Peer 1: 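Shown below is the structure under consideration.
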Amino acid sequence: MTTAVERSAAEGSSPRHPFRLWLARRRAYIELHPKLRFAYLLALAIVGITIVLVGIVLIPLPGPGWLIVFLGFAALGTEFAVARRFNAFLRRMLNRATAWWHRQRAERVARRSRAAAMQ
């Protein structure tokens, strides 16, 4: 049995959803007008870079700094291939760092359990 949230998410991700259809019509209109396309890309670049910079400032502070950086690159990645590739690189590095952290934690727990068993 699916919950109401799961049904709502499935409905919202449908390509026939009215909002997705509206967005597709807007994108088609933008693609037909070169000046509008340039303005769209410029606005997207400014917004995406701003999000990334805010995320970088927030990294040393408590909170979702890295998440904001990833969101900024995801926004840039919708139109710029370089941002998509860099975002994939960041995800790989984050996955490696997370795996390393989990290995270190498992080793620490194992050492503690061995030390407790010896006593």
Side-chain angles (χ1 to χ4, degrees):
M1 181 192 295
T2 60
T3 65
V5 172
E6 290 171 342
R7 283 192 305 268
S8 177
E11 178 185 317
S13 64
S14 167
R16 303 297 304 159
H17 191 273
F19 184 68
R20 286 189 177 266
L21 292 173
W22 181 81
L23 284 176
R25 285 193 301 270
R26 295 299 152 259
R27 288 293 306 200
Y29 181 79
I30 288 172
E31 292 297 325
L32 291 176
H33 298 84
K35 290 181 183 176
L36 189 57
R37 170 117 173 103
F38 177 76
Y40 170 75
L41 290 176
L42 183 65
L44 180 68
I46 290 170
V47 168
I49 290 170
T50 302
I51 293 171
V52 168
L53 291 176
V54 167
I56 289 172
V57 168
L58 292 176
I59 287 172
L61 301 175
W66 280 110
L67 176 64
I68 294 173
V69 170
F70 287 134
L71 288 175
F73 276 110
L76 289 170
T78 60
E79 292 296 324
F80 303 107
V82 172
R84 273 192 299 275
R85 288 192 303 269
F86 189 68
N87 200 15
F89 169 75
L90 286 177
R91 270 189 260 140
R92 282 192 310 271
M93 292 299 111
L94 182 63
N95 286 338
R96 286 180 188 169
T98 303
W100 174 84
W101 185 80
H102 284 295
R103 282 193 310 272
Q104 295 297 319
R105 186 168 186 226
E107 289 174 9
R108 210 172 23 244
V109 168
R111 278 194 307 264
R112 285 182 187 158
S113 65
R114 280 193 307 261
M118 293 232 174
Q119 292 179 1

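This one's a predicted model, so the numbers in the text were calculated from it and none came from an experiment.
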Peer 1: Hydrophobic cluster membership, with links at side-chain heavy-atom distances under 4.5 Å among I/L/V/M/F/W/Y: are W66 and L94 in one?
Peer 2: yes
Peer 1: Parallel, tilted or perpendicular: which fits the ring planes of F19 and W22, with parallel below 30° and perpendicular above 60°?
Peer 2: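 Parallel: the ring planes of F19 and W22 meet at under 30°.
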Peer 1: Among I49, V52, V82, whose side-chain contact (heavy atoms from CB on, under 4.5 Å) with F73 holds?
Peer 2: V52
Peer 1: Considering only heavy atoms from C-beta outward, does the side chain of L76 approach that of F86 to under 4.5 Å?
Peer 2: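 No, too far: nothing below the 4.5 Å cut-off.
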Peer 1: From R111 CZ over to R114 CZ, what is the distance, rounded to the nearest 0.5 angstrom?
Peer 2: 7.5 Å
Peer 1: When rounded to the nearest 0.5 angstrom, what is the spacing between CG in N87 and CG in L71?
Peer 2: 9.0 Å
Peer 1: Rounded at 0.5 Å granularity, tell me how far CD1 in I68 sits from CD1 in I56.
Peer 2: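 One gets 11.5 Å once the value is rounded to the nearest 0.5 Å.
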Peer 1: Indicate, with yes or no, if M93 and I59 share a hydrophobic cluster defined by side-chain heavy-atom contacts under 4.5 Å among Ile, Leu, Val, Met, Phe, Trp and Tyr.
Peer 2: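 Same hydrophobic cluster.
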Peer 1: Taking side-chain contact (heavy atoms from CB on, under 4.5 Å) as the criterion, tell me which of V47, L53, V54 meets it with I51.
Peer 2: V47
Peer 1: For L44 and E79, work out which heavy atoms get closest and say how close.
Peer 2: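 For L44 and E79, the tightest heavy-atom pair comes out as CD2-CG, 3.3 Å.
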Peer 1: For Y40 and R27, test the side chains for any donor-to-acceptor distance below 3.5 angstrom and give the result as yes or no.
Peer 2: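 Yes, a side-chain donor-acceptor pair sits under 3.5 Å.
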Peer 1: At what distance, to the nearest 0.5 angstrom, does NE2 of H102 lie from CZ of R105?
Peer 2: 8.0 Å
Peer 1: L58 and F70: same hydrophobic cluster, using ILVMFWY side-chain contacts below 4.5 Å?
Peer 2: no
Peer 1: Tell me whether R84 contacts the main-chain N or O of G77 through its side chain, where contact means a donor paired with an acceptor under 3.5 Å.
Peer 2: yes
Peer 1: Where is the tightest heavy-atom contact between V69 and L90, given as atom of each residue plus distance?
Peer 2: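 The answer is CG1-CD1, 4.4 Å.
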